Amino acid sequence: MALGTSEPLRVIACEEDLCPVLTVLGEDIDELHEFAQYIREVFCNITFDSDIEKGMGKLKAGFKTRRHEILYHLFRINKEVPEIINVYGQLDNSSLGNKMSLPCTPERNRTVVGSQLTKVADGGRKINCELHTKMEKIGSQKPDRIYFCASVPEHVTINNEDLSGRIYVYKITEHV
């Protein structure tokens, strides 16, 4: 198509096409609360924990240093997890993590999983959020992480919202 014609050069035809554009636009958000609200709107396949902002306030490298990386990791999770599950079905956390394009593994310390990486849902049901991506290491500190559940079990609700099959991001925070 030649420049100067009235035809658009690019068309965003669906929500999936819009996500990469909105991901890049989020890199300019300096305020943590605004950023937390923004990611809730951009990543259509992800449900975020109500305390997600609080966890981001604990990032060892700091929110402003990590915001680009957070957006990239969320973009990959939002895109790849549904594709992997669609092709391979439900996988254990290790197998799913191995298929991701960025480092993604389950937590090794089972005590930490039980005490810090399990979300208690309505009726006492539990969501295991041990799968995590690791951000780049800065200095000698352990890298910050995004902890999530790739697919919430059937009929699990939080505040009466059914999260069956949803990606649930529990924490974006320092290494726990």
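Please read all numbers here as calculations on a predicted model, not as lab measurements.
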* Quick one: salt bridge (Lys or Arg N to Asp or Glu O under 4.0 Å) partners of K60, sequence neighbours excluded? -> E174

* Compare all side-chain heavy atoms of E41 with those of Q37 and state whether any distance is below 4.5 angstrom. => no

* Neighbour count >12 (heavy atoms, 6.0 Å) for atom CD, E136 -> no

* Qualifying ring-ring contact (aromatic ring centres under 6.0 Å, His included) pairs with a residue from residues 45-71, counting only residues at least two apart or across chains -> F35-F63

* To do: Please confirm whether the backbone N or O of V112 pairs with a side-chain atom of N109, one donor and one acceptor, at under 3.5 Å?
  => yes

* Taking it one step at a time, do I70 and L59 satisfy side chain to side chain contact (heavy atoms under 4.5 Å, CB included)? -> CA-CA 11 Å; I70 291 167; L59 291 163; 3.7 Å; yes

* Structure fact -> Residues pairing under ring-ring contact (aromatic ring centres under 6.0 Å, His included) where one sits in residues 106-128, two or more places apart or in two chains, turn out to be none

* Asked: Nearest 0.5 Å, what's the CD1-NZ distance between I84 and K79?
  -> 10.5 Å

* Asked: Between R67 and I29, is there a donor-acceptor pair closer than 3.5 Å when you use the side chain of the first and the backbone of the second?
  -> yes

* Asked: For the residue pair Y168 and C129, what are the closest heavy atoms and their distance?
  -> CD2-SG, 3.9 Å

* Quick one: do L32 and V169 end up in the same hydrophobic cluster if we chain Ile, Leu, Val, Met, Phe, Trp and Tyr together by side-chain heavy atoms under 4.5 Å apart? -> yes

* Asked: With sequence neighbours left out, which residue pairs that include part of residues 87-98 fulfil the salt bridge (charged side-chain N to carboxylate O under 4.0 Å, His left out) condition?
  -> none

* Tell me whether L96 is reachable from L117 by hopping between hydrophobic residues (I, L, V, M, F, W, Y) whose side-chain heavy atoms are closer than 4.5 Å. => no

* Structure fact -> Between the CZ atom in R166 and the CD1 atom in I127, the distance rounded to the nearest 0.5 Å is 11.5 Å

* With sequence neighbours left out, write down each residue that passes side-chain hydrogen bond (donor to acceptor under 3.5 Å, both in side chains) with T173, or none if nothing qualifies. => none

* From CG (D49) to NZ (K119), nearest 0.5 Å -> 4.0 Å

Identify each donor-acceptor pair in which a side-chain atom of residues 152-161 lies under 3.5 Å from a protein atom, sequence neighbours left out, and give them as a table.
unit_1	atom_1	unit_2	atom_2	d
T157	OG1	D122	OD2	2.8

* Donor-acceptor contact below 3.5 Å, side chain Q116 vs main chain V176 -> no

* To do: Could I get the full list of salt bridge (Lys or Arg N to Asp or Glu O under 4.0 Å) partners for R66, not counting sequence neighbours?
  => E69, D144

* Asked: How long is the span from the OH atom in Y147 to the CG atom in N128, to the nearest 0.5 Å?
  -> 12.5 Å

* Asked: Is any side-chain heavy atom of L71 less than 4.5 Å from a side-chain heavy atom of V42?
  -> no

* Asked: In chain order, what residues pass the salt bridge (Lys or Arg N to Asp or Glu O under 4.0 Å) check against E130, with sequence neighbours excluded?
  -> R110

* To do: Quick one: list whatever passes side-chain hydrogen bond (donor to acceptor under 3.5 Å, both in side chains) with H132, sequence neighbours left out.
  => T105, R145

* How about I167 and P82: do any of their side-chain heavy atoms sit closer than 4.5 Å? -> yes

* **Shortest non-hydrogen contact from A61 toward I138** => CB-CD1, 3.6 Å

* **Donor-acceptor under 3.5 Å (R40 side chain, T47 main chain)** => no

* Structure fact -> Looking only at heavy atoms, the pair that brings K126 and T118 closest together is CB-CG2, 3.6 Å

* Asked: Taking it one step at a time, do I77 and M100 satisfy side chain to side chain contact (heavy atoms under 4.5 Å, CB included)?
  -> CA-CA 8 Å; I77 292 167; M100 296 283 293; 4.1 Å; yes

* Which pairs, with at least one residue in residues 76-128 and sequence neighbours excluded, count as a ring-ring contact (aromatic ring centres under 6.0 Å, His included)? -> none

* Take F148 and V81, measure what side chain to side chain contact (heavy atoms under 4.5 Å, CB included) needs, and give me the verdict at the end. => CA-CA 11 Å; F148 67 101; V81 169; 4.2 Å; yes

* Asked: Linking I/L/V/M/F/W/Y whenever their side-chain heavy atoms sit closer than 4.5 Å, directly or via other members, would Y170 and V120 fall into one cluster?
  -> no

* Which atoms form the tightest heavy-atom contact between A150 and L131, and what is the distance? -> CB-CD2, 4.3 Å

* **CD1 on I46 to CG on N78, rounded to 0.5 Å** => 4.5 Å

* Mind checking the CD-NE2 spacing from Q141 to H175? Nearest 0.5 Å is all I need. => 12.5 Å

* Contacts of D28 that satisfy salt bridge (Lys or Arg N to Asp or Glu O under 4.0 Å) - sequence neighbours left out -> none

* **side-chain hydrogen bond (donor to acceptor under 3.5 Å, both in side chains) involving Q90 - partner list, sequence neighbours excluded** => S151

* For Y72 and L102, what are the C-alpha separation, side-chain angles and deciding distance, and is it a side chain to side chain contact (heavy atoms under 4.5 Å, CB included)? -> CA-CA 10 Å; Y72 178 71; L102 48 99; 3.9 Å; yes

